[in-house]
Participant: 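Please read through the structure below; I'll follow up with questions.
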Number of protein chains: 2
Amino acid sequence: MSKRGSSELECFVLGLVWQLGPISAYDVRAHMRRSPSTQWSGSAGAIYPLMSRLHRRHWLAATRESVGRRRRTRYRITAAGRRALRAWIGPPFSPDVMTVSYDPLRSRARFLGALSPRERQRWIQGAEAALHHIEALIRTWHDEHARGSDGFRALLTIHGQLETRARRAWLRRVAEFVAS
Amino acid sequence: MSKRGSSELECFVLGLVWQLGPISAYDVRAHMRRSPSTQWSGSAGAIYPLMSRLHRRHWLAATRESVGRRRRTRYRITAAGRRALRAWIGPPFSPDVMTVSYDPLRSRARFLGALSPRERQRWIQGAEAALHHIEALIRTWHDEHARGSDGFRALLTIHGQLETRARRAWLRRVAEFVAS
DNA sequence: GGCGGCATGTAAATGGTTACATGATTAC
DNA sequence: GTAATCATGTAACCATTTACATGCCGCC
């Protein structure tokens, strides 16, 4: 266990290795880039050092293999890693889990008063289109990656659908207010 | 307009100054710390340099005043700042707006398979309690800061309520799956 | 022979964070 | 007089990001 806490990304990757391992950093990156979320870019500069860190912390075990002249490092989670993962999953939950999540549309809507009435109307339409686009992203992701996997991953799709529905309901309230 | 894009936090603060200005960096921080979101800490190390930057960019105008020996810098938004704010609000929306938002509970639920059935039950209960806690945060914030302000701020409360309701509905689905 | 995908990494910049520091003012 | 709050800032640190770099392999 390290002195300073682990980041959200570190523990998320730890979870991915638990779920998909043995897995290479390259494949973790590929997996993350397919995600409909832009929370993390899955950049090499983040993932490679991160997985080395987890390895040094003995939360991951590494096996280097070579196919021809091509090398590859595959990681598996260790017993200590599983303990760390369970601690992160909770309960108890860290303060960052106990908050409203960040919605960039909400942040922008807060300042809708800075737009003209016409621009506000256009904003509502744009936001509707954005939600439509997001739903399409979720559907695509579901069809390509969640079907046939464990039920916990199918629940990610449900989450996205319910969340988008809530944002749409909220958007209708915004539209009503703007129209009044 | 700066060469590299502005950060989400920069534009959010720009919006706050538009909404609450003339306002000091100190009061922006106070405002942010009251928020039920932990997206940003509102730390001095973030806000003071940020507002200086916006000032140098001529998106904010500053007036220094002194009450007795105590100095204070009050910022107002400029015409250029309002243009930048409107551009940020959109439409069009930047890619980061067009995504599902990040929910730490969802990320953790994804790995619920790493827990024992008993622990999963406890997780569900903990998550329910967390959502309850979040609803209380929102209610408190609403009573103290949104009542009596413009309708756009009241819509923040609605957003929080609808979002929490969606997360709770999702959590029931998780519970059903875990129980099965 | 070249292009795209596999696989691993590093370098520099960025935009935050925590912690520290200072001094004035108000409330008790 | 002392504790809390007002008000402003800096220093050190950190986890990310983008961009760059290398070399191998399979395919056409």
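Values in this document were obtained by computation on a predicted structure and should not be read as measured data. So that the names make sense, note that chain A is the first sequence line, chain B the second, and so on, each numbered from 1.
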Participant: Within the pair Thr73(B) and dA7(D), is there a side-chain N or O less than 4.0 Å away from OP1 or OP2?
Facilitator: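 For Thr73(B), the contact criterion (side-chain N or O under 4.0 Å from OP1 or OP2 of dA7(D)) is not met.
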
Participant: Quick one: label Ser43(A) by what it contacts on the DNA or RNA (base, sugar-phosphate, nothing), any heavy atom closer than 4.0 Å.
Facilitator: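 Result for Ser43(A) = base.
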
Participant: Should the pair Trp18(A) and Phe111(B) be assigned to parallel (<30°), tilted (30 to 60°) or perpendicular (>60°) ring geometry?
Facilitator: perpendicular

Participant: Go through dT17(D), dA15(D), dG16(C) for me and flag the one nearest to the Ser41(A) side chain.
Facilitator: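 Of all the options, the side chain of Ser41(A) is nearest to dT17(D).
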
Participant: Considering only side-chain heavy atoms of Arg53(A), which listed nucleotide, dT8(D), dC6(C), dT16(D), is closest?
Facilitator: dT16(D)

Participant: If each of Ala44(A) and Trp40(B) is mapped to the nucleotide of DNA chain C with the nearest heavy atom, which maps nearer the 5' terminus, i.e. the 5' end?
Facilitator: Ala44(A)

Participant: Among side-chain atoms of Ser37(B) and Tyr102(A), is any donor-acceptor pair under 3.5 angstrom?
Facilitator: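 Looking only at side-chain atoms, Tyr102(A) and Ser37(B) do not form any donor-acceptor pair under 3.5 Å.
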
Participant: Report the distance from atom OH of Tyr26(A) to atom P of dT22(D), rounded to the nearest whole Å.
Facilitator: 19 Å

Participant: Can a side-chain donor-acceptor contact be found between Ser101(B) and Glu163(A) if the only test is distance below 3.5 angstrom?
Facilitator: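 Yes.
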
Participant: Using whole Å, what does the distance between atom P of nucleotide dT26(C) and atom CZ of Arg70(B) come to?
Facilitator: 6 Å

Participant: Respond yes when some side-chain nitrogen or oxygen of Tyr48(B) is under 4.0 Å from OP1 or OP2 of dT8(D), and no when none is.
Facilitator: yes

Participant: Among dA15(D), dT8(D), dG16(C), find the nucleotide with the atom closest to the side chain of Ala46(B).
Facilitator: dG16(C)

Participant: Nearest to the side chain of Arg71(A), heavy atoms from C-beta on, is which of dT17(C), dG9(C), dC6(D)?
Facilitator: dG9(C)

Participant: Angle class for the Phe12(A)/Trp40(A) ring planes (parallel below 30°, perpendicular above 60°, tilted otherwise)?
Facilitator: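 Ring orientation of Phe12(A) relative to Trp40(A): tilted.
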
